[in-house]
Trainee: 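Structure in C-alpha cells, see below.
The figures that follow rest on heavy atoms only: side chains count, while hydrogens, waters and symmetry mates do not.
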Amino acid sequence: MLMELIAQNMAPIMFVSLIVFLLLGYPVAFSLAANGLVFFIIGVELAPLSGGSINLDWPLLNAMPERFWGVLSNETLLAIPFFTFMGILLEKSGMAEDLLDTIGQLFGPIRGGLAYAVILVGALLAATTGVVAASVIAMGLISLPIMLRYGYDRRIASGVIAASGTLAQIIPPSLVLIVLADQLGRSVGDMYQGALIPGMVLTGLYMAYVLVMSILRPNSMPALPKEARTLGQGVMSFFVALGLGIAVFIAAKYWLAGTGAAKNAGILAASIAVIFVYVMALIDKATGLNRMSHLAQQVIIVLIPPLALIFLVLGTIFLGIATPTEGGAMGAVGALILSAVKKRLSMGVVREALAATTRLSAFVMFILLGARVFSLTFYDVNGHIWVEHLLVSLPGGETGFLIFVSLLVFFLAFFLDFFELAFIIVPLLVAPAEALGIDLIWFGVILGVNMQTSFMHPPFGFALFFLRSVAPKVPFLDKVTGKLTDPVKTSQIYWGAVPFVCIQIVMIAVVIAFPQLVMHYKGKPVDVSHVTVTVPGGIGGGLGGGLGLPPIGAQPGAVPAPGGLGGLPPGLGAPSGQPVTPPAGGASLGIPAPLGLGGAPITGN
C-alpha cells in the first residue's frame, strides 16, 4: 500500500527532494543529475504499481546522449560566452570609470548627482555588458569611495550601486533574457524587444527614488563641491548639443519616412543623430574651436562609443540584420576595438576575460546537462501534468496564476540563484502559462524582473556579496582628502538594498497590470474594420459565367445562368468590380463570397 502511494505521487516527492538537496548546499548541476538518476531507478521498479502514472523503462536511458547533444548544439546559448566576454573586457577597459567620472560631473551641481550618475551608468553598462558581477564590482570600486568622500549616506550609496548593477538582469543584452527565451522556447530578439521598455521604466523608478530622498533627506546626498568638478562648467553647452542632435533626428526620420527604409526610420535616424553629435564634438576638440565647453566635449566623446556598441549589438538584432548570437559576436569584436582604442588591450586582459567566460559558460552548460537528466525522469512520472493541474486550477485565472508564480519565484529567490530558478522552475511553468493563454514573452519579462530580486535579497543576494567584496571593511585613508574614513558595514549594505527590492516588487506589479509595456514587440495590429470585398474584372462577368459551369443538376453542355455559379443566387456571381452581398434569405449555401472559386482578393477602402 505504501509503495503504491509513493508510485502514484512520485512527481511531488521528486520535486521536494530536489529542493532539499539544493538547500543542503549541494552543487546545482549534480543535485539535478543525481535526483534524476536515483528517481529513474526507483520509478522503473515502481512503474507496475503506479496505475499508469509512471512511464519509465531502462531503454529510455538511450535517449540521454541525444538530449545532451541537443544542449551542446544549441546556437542560442552560444550568445552567453560572447556577451560575457564582451562585458568583462569592457569592465577591464576602464569604460565604467570614464563614464562615472564624466556623467558624475555632469550631474555634480545637483543633490544626488552622483547617485543619478551611478544609475545611468549602470543602465549603460547593462546595455553593453549584460553581466551583473562586472557592473556591481566596477561601480563599487570606482564610485563608492567618491560617494563616501563627499558625505553620501552609506545605506543610500550601497543600495544605489547594488541596484543599478542588477539592471544588467533585465536590460538587453542580458544573459538572463537569453536563458529565459531558451527555456520558454521563444525568440531572444522578441524577448529583448519586450524587456526594453520595462528596463527603462525601472531605471526611471530608481531615479525617482533618489529624487524623493534628495528632497526628504538632502544631507544624505550632497552636491559635489566646486573644486571636485575638474571638467569645469558648461552644462548648457551639452544641452545645446543635445538639442542639435534631436533636430537632426527629427529631420532624418522625416526624410527616411519617404524612402524604402521607412520601417526602421526611428533606429536609423537615431544613429545619424548620434554620429552627427559625436563628429561635431571631435571636430570642435581637434580644431581647438572650443565652441563647446570642455565638460560637454568630454561627456559626448566618452558617452557615444558605448552607445555605438549598444546599437551594434541591439540595433542589428532589432532591425533583423543579425541573430542574438551574431550580435554577441559583433559586440565581442567591438569591445576588443574599444579596449584597443583606449590602449588598455593586452594579453593579460584577454586572458582574464577568456578565463572568466569559460568558467561561466561551463557553469551554465553543466546545469543544463543536469536539468536534462532531471527532466527525463520528471516528465515520465507525469510531473509536468501535476504542475499544470496544480497551477491552472488556482483561483483568479490568468491574474491569479501570475500573482502566485511571482510570489513563488520571489520566495525561492531567497535561497536559489537565477540559474537554478531558470533551469528548474521555469520549464515547469510553460505548460500552465500556455494553457491559460498567457503570452510567453510577457511572462518571461515578468519572471526576469522578479528574478532580478534574487540578486538583491538579503541575506543571499549576489549583488550584495559583490559589493561587500569591494567595499572597505576597515577605516581607510582617502586618497584625495587624506582623511580617515569609516568603513561600510554589512548591515548598511543590506538595509540599503531593501528600498530597491520594494521598487522591483512595484515594477513586477506594473508589468502585470500593463502588459502593453511588453506586448509592443508584436508590432501594430492590422485594422480590418474598414475592409470590403470586391471581385476583380474577369472573363464573362460573374464567377459562374467566367468558369462556364452549368446549372446544378443540369445536363452537361447546358448554358450557364448569366449571373451566378451554375444558377445559384446572384450573391455568388455579382457583376465584376461590385461588392459581393448575400441574397435575401441567405441562400448562399454557406460559401463565403471572398473564398469562392474565383479567389477574389480582399481590399480595404
Side-chain angles (χ1 to χ4, degrees), residues 11-12 14-23 28 162-163 166-167 169-170 174 176-177 179-180 183-184 191 194-195 198-199 201-202 205-206 378 383-464 494 497-515 517-518:
M14 187 177 178
F15 186 75
V16 171
S17 172
L18 175 63
I19 299 298
V20 171
F21 265 82
L22 293 174
L23 294 178
V28 181
T166 62
L167 287 171
Q169 282 271 96
I170 192 63
S174 162
V176 171
L177 298 177
V179 174
L180 279 174
Q183 294 301 300
L184 293 169
M191 189 68 79
V201 172
L202 185 58
L205 290 177
Y206 286 171
F378 192 74
H384 59 301
I385 297 175
W386 168 69
V387 173
E388 182 176 346
H389 288 172
L390 186 69
L391 296 179
V392 170
S393 59
L394 289 169
E398 176 185 294
T399 305
F401 170 79
L402 291 174
I403 292 173
F404 175 81
V405 168
S406 296
L407 291 173
L408 174 68
V409 172
F410 182 80
F411 173 74
L412 290 176
F414 276 94
F415 312 102
L416 307 176
D417 72 4
F418 158 71
F419 287 109
E420 295 165 359
L421 292 169
F423 294 132
I424 299 170
I425 305 299
V426 172
L428 303 178
L429 302 176
V430 175
E434 288 188 313
L436 291 168
I438 296 172
D439 183 271
L440 290 186
I441 296 294
W442 178 41
F443 186 51
V445 173
I446 293 170
L447 291 175
V449 177
N450 203 330
M451 290 177 185
Q452 189 178 351
T453 62
S454 69
F455 279 84
M456 295 284 290
H457 279 321
F460 301 116
F462 281 96
L464 308 182
Y494 284 173
V498 170
F500 291 94
V501 172
C502 296
I503 292 173
Q504 289 170 350
I505 294 172
V506 170
M507 190 64 211
I508 296 169
V510 168
V511 177
I512 292 175
F514 302 99
L517 289 174
V518 177

Trainee: Is any side-chain heavy atom of Val176 closer than 4.5 Å to one of Ile170?
Mentor: no
Trainee: Are Phe401 and Phe443 near enough that their ring centres are under 6.0 Å apart?
Mentor: yes
Trainee: Hey, what do you get for CG (Leu167) to CZ (Phe455), rounding to the nearest 0.5 Å?
Mentor: 12.0 Å
Trainee: Evaluate the criterion side-chain contact (heavy atoms from CB on, under 4.5 Å) for residue pair Phe423 and Val28; output intermediate values, then yes/no.
Mentor: CA-CA 10 Å; Phe423 294 132; Val28 181; over 6 Å; no
Trainee: Which heavy atom of Pro427 sits nearest to which heavy atom of Gln183, and what is that distance?
Mentor: CG-OE1, 3.1 Å
Trainee: Would you sort out whether Val426 and Leu421 count as a side-chain contact (heavy atoms from CB on, under 4.5 Å), showing the intermediate values?
Mentor: CA-CA 7 Å; Val426 172; Leu421 292 169; 5.6 Å; no
Trainee: Any idea which heavy atoms bring Ala422 and Val179 closest together, and the distance?
Mentor: CB-CG1, 3.8 Å
Trainee: Looking at Thr166, is its backbone amide N or carbonyl O close enough to the side chain of Gln452 to form a donor-acceptor pair, meaning the two atoms are under 3.5 Å apart?
Mentor: yes
Trainee: Is the ring pair Phe378/Trp386 parallel, tilted or perpendicular, if the boundaries are 30 and 60 degrees?
Mentor: perpendicular
Trainee: Which pair of non-hydrogen atoms, one from Leu464 and one from Ala497, has the smallest distance, and what is that distance?
Mentor: CD2-CB, 3.6 Å
Trainee: Could you tell me which non-hydrogen atom of Val449 sits nearest to which non-hydrogen atom of Gln504, and how far apart they are?
Mentor: CG1-O, 4.0 Å
Trainee: Do you know which two heavy atoms are closest between Glu398 and Gly437, and how far apart they sit?
Mentor: OE1-O, 4.4 Å
Trainee: Say whether, by atom type as modelled, one donor and one acceptor occur between the side chain of Trp442 and the main chain of Gly194 under 3.5 angstrom.
Mentor: no
Trainee: If the condition is side chain to side chain contact (heavy atoms under 4.5 Å, CB included), which residues does Ile512 pass it with, not counting sequence neighbours?
Mentor: Leu402, Ser406, Ile446, Ile508
Trainee: To the nearest 0.5 Å, what is the distance between CG (Leu447) and CG (Leu184)?
Mentor: 7.0 Å
Trainee: So which atom in Leu440 and which in Ala433 form the shortest heavy-atom distance, rounded to 0.1 Å?
Mentor: CD2-CB, 3.9 Å
Trainee: Take atom CZ in Phe410; do more than 12 heavy atoms of anything else shown fall under 6.0 Å from it?
Mentor: yes
Trainee: With rounding to the nearest 0.5 Å, note down the distance linking CG in Leu205 to CZ in Phe500.
Mentor: 11.0 Å
Trainee: Within this structure, what is the CD1-CG distance for the pair Ile19 and Leu412, rounded to the nearest 0.5 Å?
Mentor: 6.0 Å
